[in-house]
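Shown next, in structure tokens, is the structure this report addresses.
So that the names make sense, note that chain A is the first sequence line, chain B the second, and so on, each numbered from 1. All figures in this text were calculated on a predicted structure; none of them were measured in a lab.
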Amino acid sequence: MEFSYLDELNEVQREAVVQTEGPVMIVAGPGSGKTRVLTYRIAHLIKAGIADPFNILALTFTNKAAASMRERIEKIAGIEARSLWMGTFHAVFARILRYEADKIGYPSNFTIYDTQDSRNVIKQIVEEQQLNDKLYKANFVHNKISSAKNSLISPHEYLNDPILMNEDASNGRAKLGMVYEMYNRKCFMSGAMDFDDLLVKTYELFDKHPETLYKYQHKFKYVLIDEYQDTNYTQYMIVRRLADAHQNICVVGDDAQSIYSFRGANIQNILNFEKDYPDLKVFKLEQNYRSTKVIVNAANEIIVNNKKQLPKTIWTENNGGDKIKVVKTPSDNEEGRFVADAINEQKMRHHFHNSDFAILYRTNAQSRAFEESLRRLNITYRVYGGISFYQRKEIKDFIAYLKLIVNPKDEEALRRIINYPARGIGQTSMEKLTVMAAEKNIPLWDAMEQVRFADVNMRAQSLIGDFRTMIKSFRVLMETQNAYDISLHVAKSTGILKELHNDKTPEGVSRYENLQELLTGIKEFTDSDVVEAEKTNQDKSLAAYLQDITLLTDADDDKADKDTVSLMTIHSAKGLEFPCVFVVGLEEELFPNAMSLESRDDLEEERRLFYVAITRAKDKLWLCYAATRFRFGNLFYCQPSRFIEEIKEENLHFIGHQSKKDKENFISNNTMEKRTNLIRHTSQPAAHRPAKDFTPDDTSNILSGMEIEHERFGFGKILQVEGGPDNRIALIFFKDLGQKKIMLKFARIRIVQGTVEL
DNA sequence: TCATAGCTACTTTTT
DNA sequence: GTAGCTATGA
């Protein structure tokens with residue numbers, strides 16, 4: 001039978017695979033074989049001769065998802081599946097943009113700025129414009145710009161939007177729109193695009209060049225999108241246009257697993273998809289093949305509490321399984337110990353491997369307690385997330401050289417390395433050059449050429465000349481040498497390698513090893529599959545290498561073959577599964593997080609996150625919470641998460657709860673008493689005593705970012721202000737008490753000038 | 001020019 | 001608790 005792979009699917013799955021024409025939405029619950037359907041669908045398009053691989057566009061959110069699907073498709077459809085256009089939104093669009101760069105005024109070797117680069121550019125602008133860097137924090141400003149880009153709001157539109165402008169002005173950030181505009185200009189001048197630009201510029205390309213849009217519309221006869229619930233407005237607009245000619249668009253997703261709204265993901269994209277395409281065919285994959293009945297039931301019990309969702313109920317033929325264990329521990333450290341002990345015990349009793357376990361938490365900072373207790377028991381583990389290899393300073397520094405060689409206009413790269421290793425080009429000279437570049441409206445690199453016209457001392461002038469000559473000499477090598485040879489030459493001739501080698505501190509040694517590892521990585525890149533590369537005309541240039549690594553993330557470098565316990569945030573666990581899962585830190589204000597308690601939408605997203613967390617488990621699931629926890633160096637008393645209560649008691653088994661009431665309410669009178677005792681006996685700071693002349697200010701002037709003194713709670717900083725004029729509520733971080741919410745109407749607060757010792 | 005103490009900020013983050 | 005950045009002094 002030619003299409004025998006279809007026999008490996010259940011009925012709905014099979015229908016979803018063979019319905020190749022027209023708009024299709026596949027709503028896929030957790031563990032329902034979503035990836036299988038998507039890969040088989042693509043394989044079917046090819047095998048049944050419906051489409052040529054190069055006429056198929058498949059978009060994913062991670063490189064990993066793209067790679068694993070490609071592999072699975074090749075297994076069914078064979079090697080010709082290689083010419084499939086499959087990759088992340090960013091990688092695929094970057095590829096298109098390199099072809100079409102000249103149409104939008106970019107060089108085809110444009111640099112891609114990662115988040116850190118973007119923030120550095122913003123810092124530079126804030127400094128140049130002499131704006132208050134407390135108000136215009138790079139992080140904050142970047143998030144604002146990013147969300148504007150995710151909604152296709154250009155700087156021009158931003159500056160002309162009275163609502164946005166008013167909002168910024170009332171927050172004391174009237175210049176935000178201007179910073180956005182300058183940021184875009186600086187990136188353009190640097191021949192650089194940030195992550196969001198890869199989407200925005202693609203949209204603009206199609207918008208301004210109908211003939212280009214037409215070309216790609218007819219190239220991509222079949223468009224498929226994975227994790228559709230995570231697309232933002234810009235992605236949605238691009239995809240709609242691309243699929244406009246043939247209308248063969250297939251989206252796969254699960255609204256219940258939409259957990260990236262803070263990154264601009266718009267759940268409405270999936271909820272409204274039916275309105276966009278009235279003749280849409282919808283397939284619901286509701287049978288779960290992953291988890292026990294207990295876990296599937298619990299998942300349903302949780303998610304019904306959300307109002308905004310596509311109606312569906314997941315079910316399973318799997319057995320009932322163990323009850324979900326709800327574990328209360330006295331502290332965060334004991335939570336760590338409990339989990340490590342439990343892993344040990346499970347391994348002894350049921351012959352599990354380390355890799356069968358995952359510890360999932362809300363925030364990265366929670367990993368520490370688990371790392372310590374796992375190390376104590378000699379259980380190997382791997383922490384996912386955090387700073388990736390390519391984010392390390394020594395790696396970024398070195399890569400800045402490579403970036404500058406490929407694209408000398410890249411100002412961010414230039415600034416990073418102009419004086420690294422130290423070569424006597426100091427701040428003063430750079431400031432003067434910056435001013436000149438701004439006046440003449442030319443890239444910094446070009447300004448360096450004309451340094452003789454700037455008021456820079458002779459010594460610095462000649463050093464700058466030397467630097468330019470050196471970079472130019474590296475550029476010459478690009479013509480003849482591969483990425484590895486150039487890199488090695490740069491590492492040696494700049495003295496970076498020697499400098500790191502001479503540093504014998506443990507950190508220095510590790511930095512040296514990291515650079516070595518990077519060089520090895522580059523060698524692997526240039527050497528890999530040389531024959532294959534030549535056949536398929538694969539690019540092994542320095543530029544190609546750089547693009548590869550900027551679009552790579554921590555989750556992609558796969559050392560998964562090791563037998564280790566996985567520690568990660570729930571966000572990074574999406575799409576994965578483990579026989580045994582510990583969801584930890586299930587406490588009010590942590591999970592659901594304090595930042596998400598105010599709006600229904602935010603709380604629903606936290607609930608979806610919890611839904612994602614528990615549906616990672618195949619067999620055994622633990623839900624843990626601690627009665628006390630250190631956060632930001634302060635002791636906090638915790639209430640168990642409301643989400644635990646949403647699961648029916650018949651599916652739960654309580655551990656570490658003293659009384660029946662403790663079980664029912666999760667907090668007994670007994671613990672209430674203990675809590676007050678603890679407060680009394682721990683070293684709580686003495687009550688704040690304000691100065692004698694303490695006079696409260698008018699609280700209506702208070703803005704987030706300000707440092708204040710509260711008559712009773714002491715010094716603190718305003719994190720957030722919200723509510724109308726009559727009921728403004730401030731979230732304040734107090735030096736001695738941690739976070740508190742305060743009604744400003746009644747508060748006696750003094751605004752502190754300058755900085756405060758927090 | 002470089003090293004270091006001290007100050008500050010910290011939800012999540014597929015790219 | 002901790003990492004990263006800034007101001008400071010040698």
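A/Phe110 does not carry A/Lys201 over the face of its six-membered ring by the limits of under 6.0 Å from the centre and within 45° of the normal.
Of the side-chain N and O atoms in A/Asn364, one or more sit less than 4.0 angstrom from OP1 or OP2 of B/dT13. Proximity of A/Thr569 to the phosphate of B/dT13: a side-chain N or O atom is located under 4.0 Å from OP1 or OP2.
Atom CZ of A/Arg642 is separated from atom CZ of A/Arg607 by 8.0 Å, given to the nearest 0.5 angstrom.
Around the NZ atom of A/Lys432, the shell of radius 6.0 Å holds more than 12 heavy atoms that belong to other residues, nucleotides or ligands.
Within the 4.0 angstrom heavy-atom criterion, base atoms lie near A/Tyr260. Among the protein residues, A/Asp230 comes within range of the nucleic acid bases, having at least one heavy atom under 4.0 Å from a base atom. Nucleic acid contact for A/Gly575: none, since no nucleic acid atom lies under 4.0 Å from a heavy atom of the residue. Looking at heavy-atom distances under 4.0 Å, A/Thr60 makes no contact with the nucleic acid at all.
Nucleotides B/dT14 and C/dA3 place their C1' atoms 24 Å apart, quoted to the nearest Å. The C1' atoms of C/dC5 and B/dT12 are separated by 24 Å, rounded to the nearest whole Å.
Each of B/dT14, B/dC2, B/dT13 was ranked by its minimum atom distance to the side chain of A/Ala422; first place goes to B/dC2. Distances from the side chain of A/Arg368 to the nucleotides B/dT11, B/dT14, C/dG1 place C/dG1 closest. The side chain of A/Lys137 has B/dA9 as its nearest neighbour among B/dA9, B/dT14, B/dT12.
In this structure, the aromatic ring of A/Phe262 is positioned over the six-membered ring of the base of B/dT12, centres within 5.5 Å and planes within 30°.
Rounding to whole angstrom units, CD1 of residue A/Ile570 and P of B/dT11 are separated by 16 Å. In this structure, the CG atom of A/Leu360 is 13 Å from the C1' atom of B/dT12, given to the nearest Å. In this structure, A/Asp601 places its CG atom 21 Å from P of B/dT11, rounding to the nearest Å. For the pair A/Arg607 CZ and B/dT11 P, the computed distance is 22 Å after rounding to whole Å. The CZ atom of A/Phe591 sits 16 Å away from the P atom of B/dT11 (whole-angstrom rounding). Here the P atom of nucleotide B/dT14 and the CG atom of A/Leu59 are 18 Å apart, to the nearest Å. Across the protein-nucleic acid pair, A/Glu606 atom CD and B/dT11 atom C1' stand 8 Å apart, rounded to whole Å. Between the C1' atom of B/dT12 and the CZ atom of A/Arg608 lies a distance of 13 Å, rounded to the nearest Å.
Of the charged side-chain nitrogens involved, none lies within less than 4.0 Å of a carboxylate oxygen, so that A/Glu589 and A/Arg631 do not count as a salt-bridged pair.
Taking only distance into account, the side chain of A/Arg362 meets the base of B/dT12 through a donor-acceptor pair shorter than 3.5 Å.
Nucleotides of DNA chain B nearest to A/Asn143 and A/Asn139 differ in position, and the one nearer the 5' end is that of A/Asn139. Residue whose closest nucleotide on DNA chain B sits further toward the 5' end, between A/Glu227 and A/Arg423: A/Arg423.
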> For A/Glu127 and A/Lys123, what are the C-alpha separation, side-chain angles and deciding distance, and is it a salt bridge (charged side-chain N to carboxylate O under 4.0 Å, His left out)?
Replying inline: CA-CA 6 Å; A/Glu127 202 185 305; A/Lys123 266 188 211 157; over 6 Å; no

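Between the side chains of A/Arg415 and A/Thr434, at least one donor N or O sits under 3.5 Å from an acceptor N or O.
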